[in-house]
Amino acid sequence: MINELTALRANALEQLSHIWDDGALEQWRVTFLGRNGALAAAMTKLGALPKEERPAAGKLANEVKIALESAFEAKIGAIKQRALSESLESEPLDVTLPGRPVQRGRLHPANANLREIYRIWRDMGFQIFLSRETESDEVNFQMLNIPPHHPARDNWSTFYVADTDHRVLLRPHTSPGQIRAMRELGANGTQPVRVILPGMCYRYEQASVRYDIQFNQVEGLAIGRKITFADLKGTLTEFARRAFGERPVRFYADHFPFTEPSAQMDVQCIICNGAGCALCKYTGFLEILGSGMVHPTVLRNGGYDPDEWSGFAFGMGPERIAMLRYGIEDIRYFWGNDLRFLEQF
Ligand code: DAH
């Protein structure tokens, strides 16, 4: 029996030394270590041995079992190792090659520009108020002092929404948010308000280099007990300084139904510094925003007593501003989703 076990061990280990693939290894395991394998067969014979021979034979049988099992485990590792070195040799890996570039996402230029504008207004104490993109005719026009059939409505080429009476629309400007901000934050005309209202606006336009059917606006509104036109000029001038650097701004009279008086603000051309060029159409200035003192009717519609409260408002087109800053020639690029455009930012 001792001889048989010793021979079995030698034979098994000898065979194992030639094995280098998983299939043969499994076959080997079944042959020697399997339930009906050679070792199991030898072990069943132990019972038939004379009593005095049994302990030594049993001990040896155990040693053989442990030796074969650990040789088997070691072989698994050795086969893996050999497969790895073979594949490394046949497909050499050049660790000095430059890596493949990873495609990284980034902010859309319109959003990056919006965030810059938010940052400036936030630093100046304005909070962001998000209003809705679908509006009622009442808030978008009537509350802003633009009654039904008023010719000023033509300034806002409006998309109407699934409503034959034209009472629901896609907002063509962010100004209706002024009414909502005053009503939600003003606590029935008892609290001051200082907000910007950014967001997408829609207009029924023939899309062109200068006009698109969608664009962002950033509206601003400040309501308080003693706000004057000097506050409007000072605040907007400071915004222009933070956004465009030290350069002159100019205000001139304009008209909007929801402000009185109304003013347009221009900033000195960022390309020619006032000398005159194609960008500023040889005027030396660029139009940046519309503004004005909130009309008493609008204050009243927001819940304020116009004898006690006053305020200023403004509205700007951030894509327009980005076009000036980066020399973008066509406003339609913003929503065209052309990566060649987007990746430049
Ligand atoms: N809502 C105007 C527009 O869409 C822009 C504007 C002008 C907003 C004057 C204002 C303002 O708040 O005071 O063209």
Exercise. What residues form a side chain to side chain contact (heavy atoms under 4.5 Å, CB included) with Ile128, not counting sequence neighbours?
Worked result: Tyr118, Leu130, Ile196, Pro198

Exercise. Of all residues at least two apart in sequence or in a different chain, which pass the side chain to side chain donor-acceptor pair (under 3.5 Å) check with Arg250?
Worked result: Asp266

Exercise. How does the hydrophobic cluster around Leu84 look, that is, which other residues are in it when side-chain heavy atoms under 4.5 Å mark a link?
Worked result: Leu88

Exercise. In chain order, what residues pass the side chain to side chain donor-acceptor pair (under 3.5 Å) check against Asn111, with sequence neighbours excluded?
Worked result: none

Exercise. Under the 4.5 Å side-chain heavy-atom rule for ILVMFWY, direct or indirect, which residues accompany Leu93?
Worked result: Val95

Problem set entry | Pro261: side chain to side chain contact (heavy atoms under 4.5 Å, CB included) partners, not counting sequence neighbours | Phe229, Met293

Problem set entry | Sequence neighbours excluded, every pair satisfying side chain to side chain donor-acceptor pair (under 3.5 Å) that has a member inside residues 194-210 | Glu133-Tyr202

Exercise. Which pairs with one or both residues in residues 33-66 pass ring pair (Phe, Tyr, Trp, His ring centres under 6.0 Å), sequence neighbours excluded?
Worked result: none

Exercise. Please, which pairs that meet side chain to side chain donor-acceptor pair (under 3.5 Å) have at least one residue in residues 317-340, sequence neighbours excluded?
Worked result: Asn216-Glu319, Asp330-Arg332, Asp338-Arg340

For this session: Scan residues 87-114 for pairs that pass salt bridge (Lys or Arg N to Asp or Glu O under 4.0 Å), counting only residues two or more places apart or in two chains.
Result: none

For this session: Any pair with a residue in residues 288-305 that passes side chain to side chain donor-acceptor pair (under 3.5 Å), sequence neighbours left out, goes on the list, sorted by first then second residue, please.
Result: Asn145-His295, His295-Thr297

Problem set entry | Pairs touching residues 13-25 that satisfy side chain to side chain donor-acceptor pair (under 3.5 Å), sequence neighbours left out | Asn11-Gln15, Glu14-His18

